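Have a look at the structure below before the remarks.
Lettering of chains follows the sequences in order, A, B, ..., and the numbering in each one begins at 1. These figures come from a predicted structure and were not determined experimentally.
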Amino acid sequence: MAYNTEPDRHGGDDGGLAALIYNPRARGLLFQTILLLAVIGFFAWILDNTISNLAAQNKKSGFGFLEESSGFQILTTLGTYLIESRPGVATYFDIFWIGVVNTLAVAVVGIILATILGFMIGIFRLSSNIILRGFATVYVELLRNIPLLLQILFFYIVVLRILPGKREPGYTLFNGAFGLNIEGLFAPYPVVREGIGMVLMAFIGALFLAWAVAWIAKKRQEATGRQFPSFWVGLALIIAIPFTVFTMVGEPMNLEYPRFLSAGDELPDGRTVSRIKAGYDIELGGMVIVPEFLALLLALSLYTASFIAEIVRAGILAVAGGQTEAAKALGMSNGQNLRLVVIPQALRVIIPPLTSQYLNLTKNSSLAVAIAYPDIVSVFAGTALNQVGQEIEMIFMMMMVYLVISLVTSAFMNWFNDRMRLVER
Amino acid sequence: MKLRSAMGALTALGMVMTASTAFADAHSSGTLNSVAGNGSVQCGVSQGLPGFSNKDDAGNWTGIDVDFCRAIAAAVFGDANSVKFTPLSAKERFTALSSGEVDVLSRNTTWTMTRDTQLGLNFAGVNYYDGQGMMVPSSLGVSAATELDGASICTNTGTTTELNITDFFRSNNMSFELVAFEKADEVVAAYDSGRCDVYTTDKSGIAAQRLKLTDPNAHTILPETISKEPLGPVVRQGDDQWFNVVRWTLNCMINAEEMGVTSKNVTSMLNSDNPGIKRLLGTEGTFGENLGISNGWCANIIEQVGNYGETYEANVGADTPLKLARDGSVNALWTQGGLMYAPPIR
């Protein structure tokens, strides 16, 4: 109540308006109200100005365009596998979802790869092995100091220059089940039939069972001190149960392998393969991961891993040396020390900045537009925007996508952070 | 303390309001006035398309689209150099125009009905009749576009080319993979490295981009033209005065060529007795004043930039690296069997 300490020069015997003006609380309220009205008026004016300018320019507005059909083809990616993408059939709303799925695909896989790589490099930086330590230092200093867009373009051009041409089988694995050439990585495509739902249920059940086993084993160890190999038992359960169900319901999934065609080969329908058609044909089976995705994924995860490595290093160094000494004194091995003592404490330092890196990776994926990967910026705010021309609505939708992805990531990481927090008694 | 900060906030708010109102005023009171106020024309061009809009070795913008911007400046200010160029990607161009960042878009932009009716734009005419074509490596042995079933195709995002190529392949029942990049340089790099079998864009663009390939002679341009691409300057809808200035800048250049007025002979032509030429060069009538600019507008354009034929030959014609011969093409004057035809100045 700072106001009460102000000397009240009018002594309070002046009634009415004057008293109100000299009353600091009323005066504050007055200015706050004026400011609030001005701010509201400002935004109302912006909104009104936008609407009337759009009307003056004879531009359409609203979200009706989402139901119109689009007329352009999109590069084969996860989005086009999952969502209707045929030109003339797919609506702009489908295009939007294809973009969202593609953005999510590169973000999720990128986050997983960057985390694994980042933890490895971070631990290498503290290694006593000079080669590992030197490699990790060079890696971090090189990658985090070069702009990401340059790295993406570099990896893309390098990937394209290294890979064999489209009309060669390229690098193959498992007798042609996998093939890699300039058109991308070709891999078997799983075709599922009725009954796959049961296998999925069995898998979820096995997960639950493994968790239960681990919980019981932990309780027993706390009570009696006897240990139980719950990790291996759990792993066996997760593999064995779904596999048994899989064979019992008649193997409801098989793999379609990619087929490589050479010029002059005969197709099942009797036509011969033309020179231009030679190469892997995913219409005959298999699936493709395009080089645009591979280059973007590589660049994003390598770049982000260099930051994660530094966060991990800082986290480990933050754990006091006495902790390790205590663990050694209890007879723990190096591995046990790292796994049971150092990492759980380091995680408390690591998780909050790690969240920022995950958010960065997701947002950086919008650089995909430079190398033709059809993410939401490239395909929805790019090609579709150019056809429809409603910048405000479409950019708004795109910003909402990034906002939702970022908020979900943050919420998950906050939950994880809470779980890892030091439980004080 | 509290009072002072509240007053400060209000003042700041007031300043923002005034500034924004001034901006809105500039918008509504006409592009020609705001251009005159700025002292230069803000012109949106491409990020580098040889022959159309491209920076030369000395860092100067050249090209047929650039010359058109200079012609507008010559018409408005009597000085072809009163122009500023903003390089724009295919994706950014319409947003840049409708937001007022540029006054005119002279950037090999195709006139389509959607753009004319839904984007709040007006096309002021056509300064190059183009059509979409395809280029393939000669080693593929393809001689017609109908042999391209199963091909992978590199192109730019945010253009009509994506729609045209999709239509063409669909109507011929052929499958294809489309790899769409934001910038032309990346399209060329990807095509050059063998990512795609086909490079597709407007034929003039193919002729220009081909020069950037490792071995330009190892590639063939297929004979088919799969679309109509009338390229022309674009302005915002709803400002008829500015629209007229841009449209008649183009008409002046085409009419001048038809009447044989060139940058070389324009000074002597000022004394011509031909009433058509007198009206064109402003020695008779008040055609310039009716546009809101000086009567010598067209004479300035011809003197400082040249007529349509001159800018064509200097930038994209048979003697340039692009080698786009004009004789017998649709870009010839209507008197030569082409489509270049301008309404008369009278």
Side-chain angles (χ1 to χ4, degrees), chain A residues 24 27-28 31-32 34-35 38-39 41-42 45-46 49 53-54 56-60 70-76 86-88 153 156-157 160-161 163 165-166 182-183 273-279 281 283 290-292 369-372 374 378-379 381-383 385-391, chain B residues 2-3 6-7 9-10 13-14 16-17 20 24 27-28 90-91 94-95 98-99 114-115 117-121 136 140-142 147-154 157-160 162-163 165-167 169-170 175-183 186-187 189-190 193-195 197 236-238:
Chain A
R27 207 169 58 202
F31 284 122
Q32 301 254 6
I34 291 175
L35 190 66
V39 169
F42 179 64
W45 172 78
I46 284 185
N49 206 18
N53 272 348
L54 284 180
Q57 285 179 19
N58 211 1
K59 286 183 78 156
K60 286 202 308 183
S70 71
F72 56 92
Q73 178 116 343
I74 298 176
L75 188 64
T76 308
R86 277 173 298 155
L153 288 174
Y156 184 55
I157 299 296
L160 289 191
R161 294 279 173 192
L163 294 177
K166 166 183 180 185
I182 201 164
E183 291 231 283
V273 174
S274 67
R275 193 158 169 165
I276 195 113
K277 193 110 185 173
D281 192 343
E283 279 166 28
V290 290
E292 287 74 24
V369 67
I371 59 162
S378 164
V379 87
T383 307
L385 174 57
N386 212 272
Q387 311 303 340
V388 179
Q390 292 179 232
E391 297 93 350
Chain B
K2 212 168 177 87
L3 180 84
M7 290 295 275
L10 276 179
L13 202 65
V16 172
M17 299 273 275
S20 321
H27 238 279
S28 57
K91 223 172 86 175
F94 299 126
T95 314
S98 51
S99 70
T114 309
R115 289 174 177 177
T117 56
Q118 289 187 17
L119 301 192
L121 308 172
V136 294
L140 271 184
V142 172
E147 298 167 22
L148 289 175
D149 189 16
S152 49
I153 299 169
C154 283
T157 58
T159 62
T160 43
E162 280 172 290
L163 302 186
I165 197 82
T166 306
D167 283 354
F169 274 75
R170 276 173 70 202
S175 69
F176 71 111
E177 183 84 289
L178 191 67
V179 193
F181 296 84
E182 186 174 31
K183 287 176 78 179
E186 269 90 59
V187 188
S193 68
R195 171 71 179 98
D197 305 315
R236 283 181 291 276
Q237 194 167 315

Q. Should Ile371(A) and Glu186(B) count as side-chain neighbours, where that means a heavy-atom distance under 4.5 Å?
A.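 Ile371(A) vs Glu186(B): side chains apart.
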Q: Check whether any side-chain heavy atom of Arg86(A) sits under 4.5 Å from a side-chain heavy atom of Arg170(B), and report yes or no.
A: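 Result no, sub-4.5 Å side-chain heavy-atom pair not found.
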Contact class of [X] relative to chain B, heavy atoms under 4.5 angstrom:
| X | answer |
| --- | --- |
| Val388(A) | backbone |
| Ile157(A) | side chain |
| Glu391(A) | side chain |
| Ile74(A) | backbone |
| Gln390(A) | neither |

Below 4.5 Å from any heavy atom of chain A, which atoms of [X] appear? Answer side chain, backbone, both or neither.
| X | answer |
| --- | --- |
| Ala151(B) | both |
| Thr114(B) | side chain |
| Phe169(B) | neither |

Write down the atom of [X], the atom of [Y], and the distance for their closest heavy-atom approach.
| X | Y | value |
| --- | --- | --- |
| Ile182(A) | Ser193(B) | CD1-O, 3.3 Å |
| Arg161(A) | Ala189(B) | NH2-O, 4.4 Å |
| Phe181(B) | Ala370(A) | CD2-O, 3.7 Å |
| Ala190(B) | Leu160(A) | CA-CD1, 4.0 Å |
| Thr383(A) | Thr157(B) | OG1-CB, 3.8 Å |
| Gln73(A) | Thr166(B) | N-OG1, 3.3 Å |

Q | Any side-chain donor near an acceptor of the partner, Ser378(A) and Glu182(B), under 3.5 Å | A |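 No pair is found: no donor N or O on one side chain lies under 3.5 Å from an acceptor on the other.
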